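We use all heavy atoms of the structure for the numbers below, so side chains are in, but hydrogens, waters and symmetry mates are not. Counting starts at 1 for both ligands and their atoms, following the listed order. In this text the structure is predicted, and so the values were computed from the model without any measurement.
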Amino acid sequence: MRIAPSIIAADWSRCYEELERAKGGDFIHVDVMDGHFVPNLTLGPDITSAIHTRTGKPLDIHLMLQHPDKYISRFFLEGVFRITFHYESSSLLRPTIHHIKEAGLKVGLAISPDTPVKRLLKIVEEVDQILVMTVYPGFSGQRMLTWVLPKIGELVQIRRSLDLSFTITVDGGVKPTNLHLLEGADEVVMGSAFFKAGRL
Ligand code: DX5
Ligand code: ZN
């Protein structure tokens, strides 16, 4: 199982140190929030670029934007290997997916806790990843909503029955002590549990 530190959970008053620590992950997860789709604001393309410059790690962009399509090309940056946007956003799914693919990047679709997996059936074959949110998007440091976890098994089954190969990622409240609940996931995002580990 690959682990991606979620950089918004870093202590930005010690950013050099924290970026060094983030190098310990397989890649870095970058949460981009607009204050509309979610009630929080985070970082944009300039900081995203700087994160790659400093760490050299591949970057996975998680857009929590009401209109992702308006901003996607701003994240066609060196180091970015995948852009994930929300099924619940206002952008049209297929054109947005194609926009990302045309840039030669992998594309992911995220689903918030209340969105059932069956909604993805018509679109799942077009994407490289499904990001299962196990918290309501917006903030690091929330508790995992374990009632969402059956979605992992449902996705594994869909992937098998349709003979697809998309990646299943879990994001929200993941920590070493609940990893055993995430069987079937290929990747996990870890924010506060990653950056708070071992800190005085
Ligand atoms: C929540 C973000 C998550 C979050 C993860 O909206 O998408 O990536 O930063 O942080 P933890 O692991 O602390 O829940
Ligand atoms: Zn995220």
Side-chain angles (χ1 to χ4, degrees), residues 1-12 14-15 18-19 21-22 24-45 47-48 51-52 55 57-66 68 71-72 75 79-89 100 105-115 127-149 151-152 155 166-182 185-199:
M1 195 188 267
R2 293 183 291 278
I3 296 184
S6 174
I7 201 69
I8 63 160
D11 176 350
W12 284 89
R14 307 194 295 185
C15 59
E18 294 288 73
L19 290 171
R21 194 200 276 240
D26 292 296
F27 55 90
I28 298 177
H29 180 86
V30 179
D31 290 304
V32 179
M33 306 187 190
D34 67 352
H36 291 280
F37 183 73
V38 287
N40 196 11
L41 293 153
T42 54
L43 37 76
I47 308 263
T48 301
I51 291 166
H52 177 68
T55 63
K57 297 297 281 190
L59 304 182
D60 172 41
I61 309 296
H62 177 190
L63 298 178
M64 282 156 275
L65 307 179
Q66 192 60 50
Y71 297 97
I72 272 166
F75 290 90
V80 171
F81 74 98
R82 182 172 65 205
I83 298 181
T84 300
F85 67 101
H86 269 261
Y87 175 87
E88 305 85 9
S89 70
I100 297 170
L105 300 176
K106 289 193 184 300
V107 58
L109 255 188
I111 47 170
S112 292
D114 294 331
T115 303
V127 300
D128 302 297
Q129 178 222 27
I130 298 294
L131 181 70
V132 177
M133 292 298 302
T134 43
V135 296
Y136 287 97
F139 299 91
S140 278
Q142 305 182 72
R143 251 181 120 82
M144 177 184 281
L145 302 169
T146 49
W147 54 266
V148 177
L149 296 179
K151 287 183 184 177
I152 302 171
L155 284 165
F166 58 84
T167 298
I168 301 170
T169 310
V170 173
D171 184 9
V174 176
K175 48 189 179 181
T177 52
N178 59 27
L179 282 179
H180 67 284
L181 302 175
L182 311 181
D186 307 298
E187 299 173 348
V188 295
V189 173
M190 216 185 263
S192 31
F194 184 93
F195 286 101
K196 302 250 175 345
R199 191 180 289 161

Side chain of S140, backbone of G191: donor and acceptor closer than 3.5 Å? no

Non-neighbouring partners of D186 that pass side chain to side chain contact (heavy atoms under 4.5 Å, CB included), sequence neighbours left out: R2, R159, T167, I168

Run through ligand 1 for me and note each protein residue having a heavy atom under 4.0 Å from it, chain first, then residue number. S6, I8, H29, D31, M33, H62, M64, M133, P137, G138, F139, S140, G141, D171, G172, G173, V189, M190, G191, S192

Evaluate the side chain to side chain contact (heavy atoms under 4.5 Å, CB included) criterion for residues L63 and Y71: first the C-alpha distance (whole Å), next the side-chain angles of each, then the deciding distance (0.1 Å), finally the verdict. CA-CA 9 Å; L63 298 178; Y71 297 97; 5.7 Å; no

Backbone of F195 reached by a side-chain donor or acceptor of R21 within 3.5 Å: yes

Could you go through residues 172-179 and list every donor-acceptor pair under 3.5 Å that involves a side-chain atom there, pairing it with any protein atom two or more places apart or in another chain?
from: N178; atom 1: OD1; to: K175; atom 2: N; distance (Å): 2.8
from: N178; atom 1: ND2; to: G173; atom 2: O; distance (Å): 2.9

Checking F166 against Q129 for the side chain to side chain contact (heavy atoms under 4.5 Å, CB included) test, could you report, in this order, the C-alpha distance in whole Å, the side-chain angles of both residues, the deciding distance, and whether it holds? CA-CA 5 Å; F166 58 84; Q129 178 222 27; 5.7 Å; no

How are the rings of F27 and F81 set relative to one another: parallel (under 30°), tilted (30 to 60°) or perpendicular (over 60°)? perpendicular

Where the side chain of H52 meets the backbone of K57, is there a donor-acceptor pair that is under 3.5 Å apart? yes

K151 vs T134, side chain to side chain contact (heavy atoms under 4.5 Å, CB included): CA-CA, chis, key distance, verdict: CA-CA 10 Å; K151 287 183 184 177; T134 43; over 6 Å; no

Are there any protein N/O/S atoms under 2.8 Å from the Zn ion (ligand 2), and if so, which? H29 NE2, D31 OD1, H62 ND1, D171 OD2

